[in-house]
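See structure below.
We're numbering straight along the sequence, starting at 1.
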Amino acid sequence: MAGAMLGNSGLARQLQASALGSPLDGETVDVDDPPAVEQKDKDSRPEFDPTRLDLTPAFKLTRFADLKGRGCRVPPALVESVLGGLSDENTRPSGEGEVGKVGVGMDCTITPIRLGGLSMVSTTDMFYPVLEDPYMMGRIACSSILSDLYAMGVQDVDNMLMYLGVSTKMTEKERDKVIPLIIDGFKDTAKEAGTKISGGQTVLNPWLMVGGVATSICKPEEYIIPDSAVVGDVLVLTKPLGTGVALNCYQWIGSERWSRIKLIIGEEEAKKAYNRALDTMARTNRSSAILMHKYNAHGATDITGLGLLGHAMALAKNQQNDVSFVIHNLPVIAKMAAVAKACGNMFSLLQGQASETSGGLLICLPREQAAAYCKDIERMEGYQSWIIGIVEKGSRTARIIDKPRVIEVPSKEKEDELW
């Protein structure tokens, strides 16, 4: 059934014809390459307005799923207990043929293939809608899937598949207008990353879901096993935290929940934080992956649904050496730390537990290389990275100090500039 993708027109008819998502006429439907998307076009995209699609002003994409953020995540301990028996993939061949492992909680599987010296690095992920703009939802989902490979230092992705769960609660008009935009966003990000979608699967489902698979065939030197941190390394983060807080803050405007934070943040500030979150979530981590090789990274993970601390703990647990991670600094989208604090335990942002979507890479780097890495990222992308912690001797755990330094991003507001 893999390989079936629904076309962009007459979607409702095709869903019926495909027997709820099976391949149309038993054949694969090709996904055409989208036109190149220039940076200025993305930056000037107008705010999503459902009335432009002839939908009601009250249309909300997030209405088609009941969970988001941490509520979507199965606890890591439960995942490990249920799936631990599946985690026998080969990752680091030695001279004697023995291998290391990438644990269940890490980002990719690495499987040696029959062709000598090559391995297949692959990942899969699935998302419920976290924002109202279908096109941006597609972009962000693709960017997040790719980040799993980039966290392994993979620079070139050979193939992607796309998964779509089309909500049965959608009307025909909503399906025909919204689903093509999600597909376009996903394809545009894949195109910019130098890869393409060769197929996928589309089904009907009570909740809207979008996800996929990313795969790369690599030589050993083309990926970095995330298990080699040593005492004295530092931790670098390549995107600010607070995306989940920014999304919620924007969605609360005009609602009862807005009254909890309106003395802390104004509507225009909430909209700017939201646009910053969109910008950072849609940006891929490819440059970060490229520079991991240049600056001799010892391992990395991407920051998503488990929050900074959850992913740091998973990365620490995967290390060969007796090390632990200590985080001192928290780069956060401006105003979001104050908003999170006003909301009590809802987000736990400063405790590192706030769910992120398509976040940055958390990278273990040699201390003497880290500053140059951050400067190189800014030179290539125009965005900051931060040294946020250290690697010390320990028992493969991670923690955030009691009073971490919050770094507002950006540190100063600039008129008519997002960052």
Side-chain angles (χ1 to χ4, degrees), residues 1-2 4-8 11-16 18-22 48 50 53 55-56 58-76 78-79 82-83 123-145 148 160-187 189 197 199-214 243-244 247-248 250-252 255 257 277-278 281-282 304-307 346-347 354-358:
M1 293 174 71
M5 288 295 296
L6 300 182
N8 288 2
L11 184 68
R13 176 188 61 77
Q14 293 191 57
L15 279 168
Q16 295 172 353
S18 66
L20 308 188
S22 58
F48 174 67
L53 301 176
L55 300 176
T56 66
F59 175 86
K60 290 188 179 297
L61 199 66
T62 52
R63 179 169 60 88
F64 299 103
D66 295 341
L67 295 176
K68 62 180 179 180
R70 282 186 292 173
C72 305
R73 308 295 297 202
V74 179
L78 179 58
V79 172
V82 173
L83 300 181
T123 187
T124 185
D125 212 341
M126 183 71 73
F127 306 88
Y128 302 127
V130 296
L131 67 159
E132 313 306 343
D133 187 331
Y135 175 82
M136 290 303 297
M137 188 63 234
R139 285 189 64 85
I140 290 165
C142 185
S143 178
S144 189
I145 294 164
D148 287 339
M160 294 193 76
L161 303 176
M162 184 178 184
Y163 299 152
L164 271 172
V166 182
S167 176
T168 53
K169 300 175 184 177
M170 283 183 163
T171 65
E172 280 195 17
K173 178 188 282 188
E174 288 170 338
R175 289 198 299 260
D176 285 346
K177 298 289 187 178
V178 168
I179 299 303
L181 288 175
I182 294 174
I183 294 172
D184 284 346
F186 197 100
K187 290 195 297 183
T189 295
I197 309 161
Q201 178 69 303
T202 307
V203 298
L204 289 176
N205 192 64
W207 293 359
L208 179 66
M209 299 166 67
V210 56
V213 176
T243 57
L247 292 176
N248 279 278
Y250 177 76
Q251 291 164 2
W252 291 347
S255 72
R257 284 184 169 177
L278 291 190
M281 290 187 296
T304 53
L306 298 180
M346 180 178 293
F347 298 108
S355 177
E356 306 289 339
T357 300
S358 189

Walk me through it: do Q251 and T62 pass the test side-chain hydrogen bond (donor to acceptor under 3.5 Å, both in side chains)?
CA-CA 10 Å; Q251 291 164 2; T62 52; 4.9 Å; no
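- Judged by distance alone, the side chain of T124 and the main-chain N or O of G212 form a donor-acceptor pair under 3.5 Å.
- Ring orientation note: the planes of F347 and W252 are tilted relative to one another, at an angle of 30° to 60°.
- Contact of the Y163 side chain with the T202 side chain is not registered, since no non-hydrogen atoms from C-beta on lie closer than 4.5 Å.
- The distance from the NZ atom of K169 to the CG atom of L204 is 13.5 Å, given to the nearest 0.5 Å.
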Can you list the steps and then say if M160 with V213 is a side-chain contact (heavy atoms from CB on, under 4.5 Å)?
CA-CA 5 Å; M160 294 193 76; V213 176; over 6 Å; no
Show your working on side-chain contact (heavy atoms from CB on, under 4.5 Å) between M162 and V210 and close with a plain yes or no.
CA-CA 8 Å; M162 184 178 184; V210 56; 3.8 Å; yes
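- Of all heavy-atom pairs spanning I140 and A282, the tightest one is CG1-N, 3.9 Å.
- At least one side-chain heavy atom of L164 sits less than 4.5 Å from a side-chain heavy atom of I182.
- Taking the six-membered ring where tryptophan is involved, the planes of Y128 and W207 are perpendicular, since the angle between them exceeds 60° and thus also 30°.
- Residue S355 holds its OG atom at 9.5 Å from CG of L247, rounded to the nearest 0.5 Å.
- Within the model, atoms OG1 of T304 and CZ of F127 stand 7.0 Å from one another, a figure rounded to the nearest 0.5 Å.
- Using a 4.5 Å cut-off on side-chain heavy atoms (C-beta onward), L61 and M137 make contact.
- Note that the CE atom of M209 and the CZ atom of F64 stand 15.5 Å from one another [nearest 0.5 Å].
- We find the OG1-CZ distance between T189 and R139 to be 3.5 Å, quoted to the nearest 0.5 Å.
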Apply side-chain hydrogen bond (donor to acceptor under 3.5 Å, both in side chains) to T243 and E356, showing your working.
CA-CA 6 Å; T243 57; E356 306 289 339; 2.6 Å; yes
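- Between L55 and K173 there is a side-chain heavy-atom pair separated by less than 4.5 Å.
- Proximity of I183 to Y135: side-chain heavy atoms (C-beta onward) are nowhere separated by under 4.5 Å.
- With hydrogens and angles disregarded, a donor-acceptor distance shorter than 3.5 Å links the side chain of D133 to the backbone of M136.
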Apply side-chain contact (heavy atoms from CB on, under 4.5 Å) to the pair L208 and I179, showing each step before the final yes or no.
CA-CA 10 Å; L208 179 66; I179 299 303; 4.0 Å; yes
Decide yes or no on side-chain contact (heavy atoms from CB on, under 4.5 Å) for N205 and T168, but give the supporting numbers first.
CA-CA 6 Å; N205 192 64; T168 53; 6.0 Å; no
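- Look at R63 and E174 and you find a salt bridge, because one of the NZ, NE, NH1 or NH2 atoms lies within 4.0 Å of a carboxylate O, short of that distance.
- Interatomic distance, CG of L131 versus OG1 of T357, reported as 8.5 Å (0.5 Å rounding).
- The heavy-atom pair separating S167 from P206 by the smallest distance is OG-O, 2.9 Å.
- Closest approach of I145 and A214 over heavy atoms only: CG2-CB, 3.9 Å.
- Taking each heavy atom of F59 and P50 in turn, the nearest pair found is CB-CB, 3.8 Å.
- Side-chain contact between I197 and L161 is absent, with no heavy-atom pair separated by less than 4.5 Å.
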